[in-house]
Structures are given as C-alpha cells and as structure tokens.
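Atoms within a ligand are numbered from 1 in the order they appear, just like the ligands themselves. The shown structure was predicted, so the numbers you read here are calculated from the model rather than taken from an experiment.
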Amino acid sequence: MYFQKESTAGYIRRSYSNLLQFRYIIYPLFIALMLYKLTLIDNRLHILYVELSFLDYIIAIGSVMLVSFWTFWLPRRGYLVSLVLLNFLLTAIMYSDLVYYRYFEDFITVPVLLQTGQVSSLGESIQSLLHWNDLLFFIDWILFIVYAIIRMTLLHKSKSTFHIHHTPLSPYRSVGVIRRFSTGILIFAIGAVLTFAPIKYYSETWAKGLFDSNWWNMSIYNVTGLIGFHGYDIYRYAQEHLGPEHQLPQDELDSIADLFAQKSAQRTEPNELFGKYKNSNVIVIQVEAFMNFMIGKNINGEEITPNFNKLMKESMYFSNNYHQTGQGRTSDADFSSHSSLHALPTGSAFIRYPDHKYDMLPTILKNHGYSPNVFHAYDSSFWNRTIMYNYMGYDRFFSKKDYTIDEPLGWSLGDKSFLKQSLDEMKSIKQPFYSFLITLTSHHPYTIPKSKQQLDVGEFSGNIFGNYLHAIHYADDALGQLAEQMKAQGLWDNTILVVYGDHDNSIKDKPYYEQFLGKSLNELDMEQIMNQVPLLIHLPDSSQAGEYSEASGQLDMTPSLLHLLGIPTESYHMLGNNLFVDNERFVVLRSGAFTNSNVFYIPSPDGIFENGSCYDLNTRETTEVSGCRVGFDQAKLELNVSDQVIQYDLLSKLNTN
Ligand code: GP9
Ligand code: MN
C-alpha cells in the first residue's frame, strides 16, 4: 500500500512546509511583479511632482494584498489560477489606464467605462497610442503561463500520491482549510494597514481636504496609487448613485445661491449691445481640436487657417480664449458652452447627469421663439448625445444617419460635406433658429488622405504634428465654404456666427511647438498653447470687429449670446462672463488653473497651492505664489459649486429667482 497513517503533527509540519514552498514563494513573486508594473506605469505617466516615494510603495504593496488576499482561501490549484488571472486583470487595467492617459491625461473611471462605445470608437487613435516598449508590461505573462502549465502538470502527477489527504472526510483537510482561511485574513489585515495608514497620514498632512473637494484625479492617484485610485473611484461612484439622496446644509445652499447672484450682477449691464441683435439667427460651429496657436500663422509661406484669418477681419476674435474641458472632451466643450457651468472633474456630465436641471441655451432660446437644432454627423449615441440633446431642448438632432456620406473622411463624413448638408437642412427650419454644429474631421490622430493634404508642412511631413496642421487646414477650408454658403443662402446679414475650438489636440510634445513657432517655450507658454482655443463671433452687421485679448472661456458663450439677443439672464444659474460688458474677467480651467488680466496660475498635480506656479502676465515670469491665493480660492469655490449643482441636481431645488 502506498499510503501510511501519518501523525497529525507530521501532517501539519508537511502542509506547513508545502505552504512555505508554494504559497509563500509564489505570493511574494506576485507582489513583486505587481510592484514592478506599478512602477513602470508611474514612470511612463511622467506626471510632474508625482513620484513614487517609500510610503507609496508601502501603499502599493498593501493594495495588492487587499485585492489578492482571498486567493489564500482557495486550494492550491485554484490559488495559482486565480493569481494568474489576477495578474492578467491588474495588468490589463494598468495598461488600459496608461493608454487612456496618453490621450486623455486621466485614468479610466467608472463613468468612463459606461462610455465603452467611446473607447472602442477611438480605433485608429488607440493604435497610435501604443508604444513598442510597452511590451515590458507583458513579459511575465508568457513566463507565467509556461510556469503555470509545468506546475499544473507536476501537481496533476503528484496528486495521485496524496489523494488520500484530499478526501472530504479527512480531519487533516480541515486543518489546511483553517490555515488557509486565517492566512487570508491575516494578509487582508496587513494589506489594510499598509494601504490605509499612509493614506490617512497623507490626507491629514499635505493632502488635507483632497477627498472632500477633489477636482483632479491625478491628485487622488498621487495619494492612493493606481489600485487605490480605482478602489476610491468605485466607492465614489457607488456613493453618488446608490446612496441616499444627498442633502446639502442650508448655509451651503445659501452660499451657492450667493455665488450665482454675484455672477448674475457681474454679467448684467443693459448697454447698447443688449438686444441689438434680437431675433437674429444664431449658428455656432464647434470645431474639433481647433487650437489657437496656429491662427494667423504660416508654414512655408502658406497660411494654416486662411479662411478663419479672413473672417477675423470682419468679426470679433478672442485671442485669449480658453477651453474649459475635462475628461468629457467634446461633450464638455458642448456642456460648458451651453450651460455656463464647469465640466465635471471625472467623466462627462452628458453621460453622468443628463437628466439633471440646467439653464441651457437651446431651452432658453426655444422659450423665446427660436427653433433649436443640433448637427453632428456621427453615431448619435456617442457621448450620450441622443439623450442629452433631448434634455437640452433641441427640436432635432441631425446625426450620421441623416447625412449622405458622399465625402467619407476620418471617423465619418468630411467637414465640407457636413457643413454644406447642415446648411441645406436649415433652409427648411423656421427662423429665427439656433443651430449648433460639431465638426469631426480634425480629430486625433489627424490622418487625412494625401489628396486632401494641401499644405507643404516641410519638416513636419509624416509626423502627427504635420498631420494635425493638414487636418486643421482642411477644416478651415470647410469654414470658408460655410461662410460663402451662408451668404448665398441669405443668412450672412441676419445671423450671428460663432466659431470656437472644443479642446486641445492631445499632442503634448513641446519640441513640435517650439519648432513650429521658432522660439523656446516656458511652462506658461505651453499651458496657454494647450488650453487656448480660438473664439470668433461674427455679428450680422460685421460690427465690433477686431482682436480682443482679454481672457475668456467656453462658459462665457451662453451669457454673451443672450445679451446680444436681449434675453435677460438674472434668473439663470450661470458662472461664465458676459463678453459684452466692461467687467474684469475671471476664467477658471477644469484643472484649477485660472487667469484674469494680471496673473495666470498653474496648479501642481499634487493639488498643493504653494507648489503651483503664479505667473505675472506682464513679465510672463513666475511671481510670489501668494499673489494667486485669492484667485485660487475663488477658482476652487467656483469649481466646487459647479460640481455640486451638477451632481446634486441643485437647480431643481434652488429658488429660481
Ligand atoms: C465624436 C466627437 C469626438 O462624436 O465628438 O469626440 P472627442 O473624442 O473629441 O471627445
Ligand atoms: Mn473633440
């Protein structure tokens, strides 16, 4: 007989040494691998001020233990398989985060996952975001799979010699189960201490208040690490959506109402422009990735945006205008421009809270006799548009299915045909109308066919920056045709035309811009380049034409248009400036950066005020950071109020006058 009776002590000794060999060698290996990958991702992210410290490693070890402690509860084969699967899962999460970050400068969060259509539609873009040396993330997979196969084969063979000990009736088996169970609990407890003790320490010292009023996921990551960030994100989402209805204390509601009253007073001034264009049609074109740095610029003697430059001569051109978008990109630009509220710190308001109450331009105009329509030749579900546009009060959303795809280009229909077909549609829309058009051809990664590349981009030929210039040149051509068609259709003299860019182009490499502009650029230059988008307003009589260099932003569009149309805004809850009154402007970006006419504050990724840079706009050099303190607090207040309004649906609760 091959099995003999074994003493309890002997069994425990043997099972203990098995565990030592098996679990306690494999497990540290698993943790080491995860640490390696977390370090790798942190290096690849290149976030300023965010570097892994000793305590961050402790948090990382703790959080890996927290997500893996339960594997100890499984028998050895299940244990091994689940560690392999966990490795796969965590690697997939980390790597997806990295790719997503390269494009959006943020991590994948629950709200973003609810936009899976979004991520898969990026298609070609995603490919250009994958780098060869990313393979370093996956080298262990092959080794691990080979190891697992060998290990399992060996286990299979050896199992027959031990099978007597695995019968359910064996008293020794329960000893093993208890040991496994208690080891799992111990790992969980150690993991919890290693994770939460340093986070608690951080949040009571330099990261104080971060979890109460976060406006940037990078700051959370800086405290919690990547696994902790995802844990927090899931917790935050569950709290927002599954918990009881949030009740803000009355004094907080009062201070929110105060801020809106203050903003309302600042934007209200019945000057000669108020109502000057009452009942004019309004056409707003939101141009994809249309940035300000190349407006008026040449490459090899050719203008990049000749049509926009021409339009500028008879329009108001706001040359210090900012996009205020966050993770929701195009949808954020749309949201902020129409609601005069800030984009959310995480995800897109279009997706997270489409059903909440906002004072939106299309609804307001509809109530004043306008026909509001929106045009975008792409799948209507993207950015949850179908649902959101319904709530925004549009009569109709003309999406991809409403267009003849006679100029297939990039993601969908080329801008030229898109703008032409949209204007054709407007012939049958009752005037006055409000038409909002979103272009798409100049979308990342900007590869348009050679036949459509009209510029000589010289040294940028074949790279993404050169492709960007080509795509913008094409979009500009489409704008030129639109202006001509408006004239031909008799719309030029009774329509306010607004053109602005939605956000940056996601090309962050400074050398491209230095090469293009022919000068070296400092932090302030780059911050402005990446956040400035052109804004052009053509008034029906071409009046007020000229360059306006005072700061402005997307939140300003709705209050400003309402002023021109003579619609009082006192009762609306808007945070933007009115560009047609003489008032000091304050523009806050979603990152917490802000500017007025004197300073530009660039926050630090760790969220600490003192680590940010306060630039004096006269010298364009940094000045004492304390000079930005008041603005910093105001920016934070405005972002917080906006977030609360959106998240807690406050406009449906606030008194509307
Ligand atoms: C797609 C378009 C692109 O409909 O709005 O969105 P983006 O990727 O720029 O947010
Ligand atoms: Mn966009």
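Ligand 1 places these atoms under 4.0 Å from at least one heavy atom of H376: 1 (C), 2 (C), 4 (O), 5 (O). Interface of H503 with ligand 1, defined as ligand atoms under 4.0 Å from a residue heavy atom, comprises 9 (O).
When each of Y434, Y572, Y358, F350 is tested with H338 by the rule ring pair (Phe, Tyr, Trp, His ring centres under 6.0 Å), just one qualifies, namely Y434.
Note on ring orientation: taking the six-membered ring where Trp is involved, the planes of Y468 and F293 are parallel (angle under 30°, cut-offs 30° and 60°). The aromatic rings of Y95 and F138 sit perpendicular, their planes meeting at an angle over 60°, well past the 30° parallel limit. Aromatic ring pairs are classed by plane angle as parallel below 30°, tilted from 30° to 60° and perpendicular above 60°; the pair Y389 and Y394 is perpendicular. Relative ring orientation between H323 and H503 is described as perpendicular, the plane-to-plane angle rising above 60° on a 0-90° scale split at 30° and 60°.
Shown here are the side chain to side chain donor-acceptor pair (under 3.5 Å) partners of Q481, two or more places apart in sequence or in another chain: there are none.
The shortest heavy-atom distance from H444 to ligand 1 is not under 4.0 Å.
Around the Mn ion (ligand 2), protein atoms of type N, O or S found under 2.8 Å number 5.
Salt-bridge annotation for D649 and K357: absent, with no side-chain N of the basic residue lying under 4.0 Å from a carboxylate O of the acidic one.
One option in I438, L440, D332, T439 has a heavy atom closer to atom 2 (C) of ligand 1 than any other, and that option is L440. For the residues D334, T325, T330, the heavy atom positioned nearest atom 7 (P) of ligand 1 is part of T330.
In this structure, the side chains of N578 and D556 stay at 4.5 Å or more apart for every pair of heavy atoms.
For ligand 1, none of its N or O atoms has an N or O atom of W411 under 3.5 Å away. Between S331 and ligand 1, not a single N/O pair is under 3.5 Å apart. Not one N or O of R329 is nearer than 3.5 Å to an N or O of ligand 1, by distance alone.
The closest donor-acceptor contact from the side chain of D509 to the backbone of P511 lies at 3.5 Å or more, if one exists at all. A distance-only check finds a donor-acceptor pair linking the side chain of S591 to the backbone of A593 [under 3.5 Å].
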